[in-house]
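One structure below.
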Amino acid sequence: MNVSPRLRRISPSLTLEITSRAKALQKAGVDIINFAAGEPDFETPEHIKAAARSAIDRGKTHYTPAKGMPELIEAVREKFKRDNGLEYSAGQIIISCGAKHSLYNAFQAICREGDEVIIPSPYWVTYPEQVRLSGAEPVFLETAEEVGFRIDRERLKSLITPHTRALIISSPCNPTGCGYPREDLEYIADLALKEDFILISDEIYEKLTYDNFQVISIASLSREIQERTIVINGVSKSYAMTGWRIGYLAAPEEVAKAISSFQSHSTSNPATPSQFAALAALQGDQSCVEEMRKTFEERRDLMMDRLSGITGLACQRPVGTFYVFPNISFLNKSSREITAELLNEAKIAVVPGIAFGRDTNIRMSFAASAESLGKGLDRFEEYARRR
Ligand code: PMP
Ligand code: GLU
């Protein structure tokens, strides 16, 4: 049976693939230290789990409206007001099966055949594939490591054509951990107005920031910008809820309406008990978020401290996410080769930078215990010394 040309172009998610390979090796008894994890290693907080259990016990196990239950939409509206200073009507919010699904819906809703979507590179592995699935073409905006992967304004301008439909903003960024300062967001916002393109702002790592880095939602810069921005967020990273599959977006009402219809014919509502869990996460005590953030910050410090001791290796200091993205070009090999050697010889799992469009780097996640990170860094240091 022939696979459609549309799907033939798509490669599997390398991040998910490597994580499951590392987990399988661990299960088979191989002592692998996993720096590939793309999710918090913490348990979902107890009060969130309890809300889902209670929902099941109360018989909340049937369909909800396709775009999510009204109580959760209300809680998301509150969250946008509280955290981002953004006012949305209920008709502008859609709850989906994870932020990945929200992004997919957004591209399907706005992209036309032949459109171009600008993606700052390094980029999260899923963006280009979802853009292609929508019929549009990804256009990569290379950013320089030495300037913290910030957007080069001239380069951005040079990529704009009559086909430019949207620009993706991912701040803090997976895989680099870097974030955009306000002045960059203001520049991008002005350009979007002048050149008439849409902004897709992926804010999934909003709560995991360090050194007092403040995430500013680009949509909050002005009413006009809000009207041309689709904000993507979810509970996966902030509340250690990756497996529950709840994400959400906020968009202009017409776009949200189209996405609601689309979702009603594709997935219907996200799992009902998961929606109750997300409701408890957004409305409950937020101290669990700060506790996890603090632990991540300590681990980020540990990673940076140890990596700075490796001769030849350069690494930007992340202001958010749970990733570092060291430059390993001193090893004179491709990121895939290094990843394979690290797995087979040093017994540590990392993600090759090529998955994110940058072959000179590897991504190392610090979503693991300090003890395990320390042990893995010993192995990494030993590997780098032998080269
Ligand atoms: N955006 C980015 C940048 C991510 O790293 C992830 C994590 N996979 C997502 C979106 C999707 O998150 P989820 O679908 O688990 O909510
Ligand atoms: N965001 C995670 C990562 O980049 C999860 C994996 C995925 O969804 O592709 O590793």
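Residues: numbered from 1 along the sequence shown. Ligands are counted one by one from 1 in listed order, and the atoms in each one are counted from 1 as well.
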If the threshold is 4.0 Å, N to carboxylate O, is there a salt bridge linking Glu142 and Arg358? yes
Please determine if Glu382 and Arg379 form a salt bridge, counting it only when a charged side-chain N lies under 4.0 Å from a carboxylate O. no
Among all protein heavy atoms, pick the one closest to atom 10 (O) of ligand 2 and tell me residue, atom and distance. Arg363 NH2, 2.8 Å
To the nearest 0.1 Å, how far is atom 2 (C) of ligand 2 from its closest protein heavy atom, and which atom is that? Gly38 O, 3.3 Å
Below 4.0 angstrom, N of the basic side chain to O of the carboxylate: do Arg387 and Glu345 qualify? yes
Distances under 3.5 Å, N/O of ligand 1 against N/O of the protein: list each pair and its distance.
{"unit_1": "ligand 1", "atom_1": "1 (N)", "unit_2": "Asp202", "atom_2": "OD2", "d": "2.6"}
{"unit_1": "ligand 1", "atom_1": "5 (O)", "unit_2": "Asn174", "atom_2": "ND2", "d": "2.7"}
{"unit_1": "ligand 1", "atom_1": "5 (O)", "unit_2": "Tyr205", "atom_2": "OH", "d": "2.7"}
{"unit_1": "ligand 1", "atom_1": "8 (N)", "unit_2": "Lys237", "atom_2": "NZ", "d": "3.4"}
{"unit_1": "ligand 1", "atom_1": "14 (O)", "unit_2": "Ala99", "atom_2": "N", "d": "3.1"}
{"unit_1": "ligand 1", "atom_1": "14 (O)", "unit_2": "Lys100", "atom_2": "N", "d": "2.9"}
{"unit_1": "ligand 1", "atom_1": "14 (O)", "unit_2": "Arg245", "atom_2": "NH2", "d": "2.8"}
{"unit_1": "ligand 1", "atom_1": "15 (O)", "unit_2": "Ser236", "atom_2": "OG", "d": "2.9"}
{"unit_1": "ligand 1", "atom_1": "15 (O)", "unit_2": "Arg245", "atom_2": "NH1", "d": "2.8"}
{"unit_1": "ligand 1", "atom_1": "16 (O)", "unit_2": "Ala99", "atom_2": "N", "d": "2.7"}
{"unit_1": "ligand 1", "atom_1": "16 (O)", "unit_2": "Ser236", "atom_2": "OG", "d": "2.8"}

Salt bridge between Lys294 and Glu291, side-chain N to carboxylate O under 4.0 Å? no
Starting from atom 9 (O) of ligand 2, find the nearest protein heavy-atom neighbour and note its residue, name and distance. Thr15 OG1, 2.7 Å
So for Asn174 against ligand 2, with non-hydrogen atoms under 4.0 Å, the contacting part is side chain
Does the distance from a Lys or Arg side-chain N to an Asp or Glu carboxylate O, for Glu39 and Lys23, drop under 4.0 Å? yes
Taking 4.0 angstrom as the limit, do Arg317 and Asp301 come out as a salt bridge? yes
Just say parallel, tilted or perpendicular for the rings of Tyr210 and Phe366, cut-offs at 30° and 60°. tilted
contact_flag Lys100 ligand 2 heavy-atom lt 4.0 Å: yes
Check this for me, if you would: do Lys257 and Glu253 make a salt bridge, where the nitrogen-to-carboxylate-oxygen distance has to be below 4.0 angstrom? no
Between Glu381 and Arg385 (salt bridge meaning N to carboxylate O under 4.0 Å), is one present in this structure? yes
What atoms in ligand 2 come closer than 4.0 Å to a heavy atom of Ser13? 9 (O)
Please verify whether a non-hydrogen atom of Tyr205 lies at under 4.0 Å from ligand 2. yes
Ligand 2 to Tyr323, heavy atom cutoff 4.0 Å, flagged ligand atoms 1 (N), 2 (C), 3 (C), 4 (O), 10 (O)
Got the closest protein heavy atom to atom 1 (N) of ligand 2, with its distance? Lys237 NZ, 3.0 Å
When only distance counts, is Thr126 in polar contact with ligand 2, meaning an N/O pair under 3.5 Å? no
Between Glu227 and Arg223, is there a side-chain N and carboxylate O pair less than 4.0 Å apart? yes
Please verify the inter-ring angle class for Trp124 with Tyr127; under 30° counts as parallel, over 60° as perpendicular, anything in between as tilted. perpendicular
